[in-house]
Peer 1: 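First the structure, then my questions, so here it is.
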Amino acid sequence: MKVEFSTSATFDDAEHMLIERLRADPNSSPSQVGGNGYPVLDSFISSPRKAEHSGVDDLQWSHNAPLIDLIRGSSLLVDEYDISKGLLGSIRDTNHDHLEFHKKRIAEMLPNSADLLQILQCTQRFWVLWPLHPAQLTSSKELGISVVTVAKSFVEEAIASNNPGFIAKAIMWLALCIQQLPKDYREQNRSFPFPAKKLVSAYMDESDALLDLDMRSGPSCAGVECLVLQAKCCVNMGRPRQAWSAIRRALHTAILLGLHRAADVTETKDIDIWETVWRYDMQLSLILGFPHAASGQRLVTTKSSGGSSVEAKLMHRISVICGQINARNQDYNDATYSVTIRLDDEVEDIRLAFPPQWWLPSTSDSLPLGLFVVRQTLKLYFHQLKQLIHLPWVTKAITDKKYSYSRSSVLEAAESLISCYRDMKRHPDGLSVMCFLLDFHAFSSGMVLATDLISQQATWSVAMEEQKWAIVLGLIAELRQVSRTVECVVADQGAQVLQYLYDARHGIYSGPDIYEAIVPCFGKVRIQGPSQQLAQAQARTTMGLNYSSPHNQGTVELSSNMFNLDPSLNNTSGELDADWTSFLDDSIVYDWKTVFSFNAGSSVGTTIE
């Protein structure tokens with residue numbers, strides 16, 4: 001059965017014809033596409049919007065142009081120029097050859113039809129967690145066929161098409177599926193040409209090449225959506241720098257399409273694309289300490305959209321605050337405490353906008369995974385904002401009670417974020433949700449608590465201190481479980497750092513004699529074990545230097561910057577999933593440092609600079 005589609009087919013027409021064809025022949029192959037070569041799901045999944053460009057088809061005047069002849073002769077313009085086709089015709093042939101080359105490479109890396117179906121079945125419950133999730137891939141009684149069948153047709157027909165933007169988006173959507181596969185499936189499946197992690201990276205490389213081809217004919221919404229999916233893929237892997245780069249490309253492309261002009265955009269899908277790109281830019285820029293590119297904006301809705309959900313409104317307001325905190329941090333030399341108090345007031349207004357029942361103990365079993373994760377993520381972001389607003393002033397609380405509110409706000413938010421994260425993981429599918437960046441945020445909150453406990457800024461009672469260390473130990477256990485479930489190197493490294501700090505504080509440190517790392521979004525951690533300190537002291541004594549009798553004592557040195565919290569990510573390779581001990585850089589200057597001394601069996605004291 002063959003279904004012809006015109007490029008102007010409406011969504012309803014596309015949906016109807018697709019479903020009818022699938023009902024009649026669920027095993028239809030990708031070859032059954034419209035005569036124009038576009039996949040059946042062009043209008044089903046993405047807007048066909050393209051930027052306007054010149055309507056010139058052939059540069060016939062170029063035949064008598066000396067400069068063009070010179071360029072043509074030196075092969076700088078096209079590899080093989082066919083004068084009978086004209087300049088643009090030859091370029092089109094070259095683009096077509098490049099497209100066919102990449103389609104062949106992608107075909108070699110695709111799972112077979114049976115494995116593709118199994119991959120989609122294994123990951124269906126996670127699709128709703130990905131940005132710009134199409135409603136047509138949500139289960140519905142009205143649909144009449146499996147959404148897995150629809151998704152399989154989308155992937156196969158998009159990849160078989162001649163539209164590089166759609167192909168790029170399809171393989172990135174498939175990359176997210178492969179990324180989210182259970183660990184045992186990835187290990188047992190032998191149909192993948194490479195290990196799953198390398199396969200995802202290969203898909204990203206191919207999508208980049210296809211996006212370059214797509215841009216040659218003008219920017220497209222499919223290209224923007226592909227870049228958003230790339231960013232999500234990078235966030236999942238703990239690579240915020242790469243995610244930020246993808247979002248900046250998406251932002252520029254969306255602007256070229258005019259999606260930023262709210263008054264001119266009437267399509268709900270276009271509004272969703274711009275809101276998603278803008279939100280990612282605000283949040284990632286704050287995390288990395290980079291200036292955001294887009295200004296604050298109002299939440300746009302259309303009459304057809306029926307308004308925005310509570311979750312969408314809260315996420316928008318959180319993103320606005322992200323931009324305001326980032327603006328303060330960018331101009332930190334002129335930052336005043338009054339700005340911090342104003343930001344705190346605004347984020348407290350957001351707390352009041354949360355439905356009261358959301359703050360009650362988790363009811364994870366009674367909520368679908370997608371809705372539960374979104375709500376928990378919103379609460380997690382709220383607690384993170386509270387920390388980021390007040391962190392620059394925490395150290396001042398040591399000598400000035402004026403800043404005590406900032407310290408108490410940061411510690412309370414850190415504990416609440418950890419609790420929220422652990423609730424998220426307690427959902428039946430929670431441990432399987434892959435997002436290394438969220439795991440890192442939880443670890444960062446643990447670092448805040450551990451640093452405060454080690455620096456002893458307040459005189460905690462023994463019982464209170466152990467109660468707070470119990471929170472850190474619970475987080476360590478959670479991170480290790482995540483590491484085992486989804487092979488999260490970020491969670492694994494975070495759990496190890498927190499364990500080293502706990503052991504040092506309690507005099508049971510048994511890690512490396514010298515452990516040194518730059519922890520992203522925190523600063524430098526240096527632990528020198530008692531045995532190493534003893535060896536150094538003995539060596540000095542042997543050299544005849546006048547040192548007092550050595551003690552079997554170790555030290556923990558923590559260094560940070562209050563506004564630039566991410567010195568490691570100044571390094572181009574400084575992603576969260578890299579080895580933190582490889583980030584060492586003696587040129588980094590820190591404006592805060594605490595040194596904690598401990599014996600093998602007990603703690604000694606703390607010096608704060």
Side-chain angles (χ1 to χ4, degrees), residues 1-11 13-15 17-18 21-22 28-58 78-80 82 85-111 113 116 134 150-175 202-227 229-230 253 256-257:
M1 176 181 180
K2 185 173 181 179
V3 179
E4 298 290 343
F5 272 89
S6 69
T7 56
S8 60
T10 65
F11 165 75
D13 292 338
E15 179 183 21
M17 285 186 274
L18 169 67
R21 179 172 63 76
L22 290 175
S28 57
S29 68
S31 62
Q32 294 173 325
V33 297
N36 52 29
Y38 280 67
V40 170
L41 294 188
D42 276 4
S43 58
F44 191 43
I45 302 297
S46 177
S47 167
R49 177 194 294 261
K50 276 277 187 181
E52 295 296 328
H53 56 83
S54 171
V56 179
D57 279 341
D58 289 304
V78 290
D79 294 334
E80 296 181 3
D82 186 342
K85 296 181 179 179
L87 181 59
L88 289 185
S90 297
I91 292 176
R92 289 194 191 99
D93 285 350
T94 302
N95 290 347
H96 177 76
D97 291 342
H98 288 168
L99 177 60
E100 291 302 312
F101 169 77
H102 289 292
K103 287 174 65 175
K104 182 178 179 181
R105 287 185 52 148
I106 291 169
E108 293 170 352
M109 295 187 290
L110 283 178
S113 182
L116 175 59
V150 176
K152 183 173 180 288
S153 294
F154 158 60
V155 172
E156 291 178 333
E157 296 184 7
I159 292 173
S161 77
N162 291 320
N163 186 312
F166 286 123
I167 300 172
K169 186 176 72 170
I171 62 173
M172 281 314 305
W173 190 84
L174 180 57
Y203 282 2
M204 292 186 71
D205 291 342
E206 288 302 314
S207 69
D208 277 334
L210 290 167
L211 288 175
D212 289 340
L213 288 175
D214 188 55
M215 283 295 292
R216 294 181 188 180
S217 60
S220 68
C221 279
V224 178
E225 291 175 276
C226 173
L227 289 165
L229 295 177
Q230 275 192 11
T253 306
L256 290 173
L257 289 166

Peer 1: Heavy atoms only: give me the nearest L257-C221 pair and the separation to one decimal.
Peer 2: CD1-N, 3.7 Å
Peer 1: Could you state the interatomic distance from OG1 (T253) to CG (L227), rounded to the nearest 0.5 Å?
Peer 2: 6.0 Å
Peer 1: Less than 4.5 Å apart, side chain to side chain, heavy atoms only: is that true for M204 and I171?
Peer 2: no
Peer 1: Before accepting this row, confirm whether a basic side-chain N of the pair R105/E108 lies closer than 4.0 Å to the acidic partner's carboxylate O.
Peer 2: no
Peer 1: Are S220 and E225 packed together at the side-chain level, in the sense that at least one heavy-atom pair is separated by less than 4.5 angstrom?
Peer 2: no
Peer 1: Within this structure, what is the CG-OG distance for the pair N163 and S217, rounded to the nearest 0.5 Å?
Peer 2: 7.5 Å
Peer 1: Donor-acceptor pair, K103 side chain versus S161 backbone, under 3.5 Å?
Peer 2: yes
Peer 1: Looking at residues at least two apart in the chain, or sitting in another chain, which of them share a side-chain contact (heavy atoms from CB on, under 4.5 Å) with A170?
Peer 2: F154, A158, I159
Peer 1: Can you name the nearest heavy-atom pair linking L99 to P164, along with the distance?
Peer 2: CD1-CB, 4.1 Å
Peer 1: Rounded to the nearest 0.5 Å, how far apart are CG of L213 and CE of M215?
Peer 2: 11.5 Å
Peer 1: Tell me the closest heavy-atom pair linking L116 and P111, and the distance in Å.
Peer 2: N-CB, 4.1 Å
Peer 1: Sequence neighbours excluded, which residues qualify as side-chain contact (heavy atoms from CB on, under 4.5 Å) partners of A202?
Peer 2: M109, F194
Peer 1: Could you check whether any side-chain heavy atom of H98 comes within less than 4.5 Å of a side-chain heavy atom of D212, counting everything from C-beta outward?
Peer 2: no
Peer 1: Under the side-chain contact (heavy atoms from CB on, under 4.5 Å) rule, what do I167 and E206 come out as? Steps first, then yes or no, please.
Peer 2: CA-CA 10 Å; I167 300 172; E206 288 302 314; over 6 Å; no
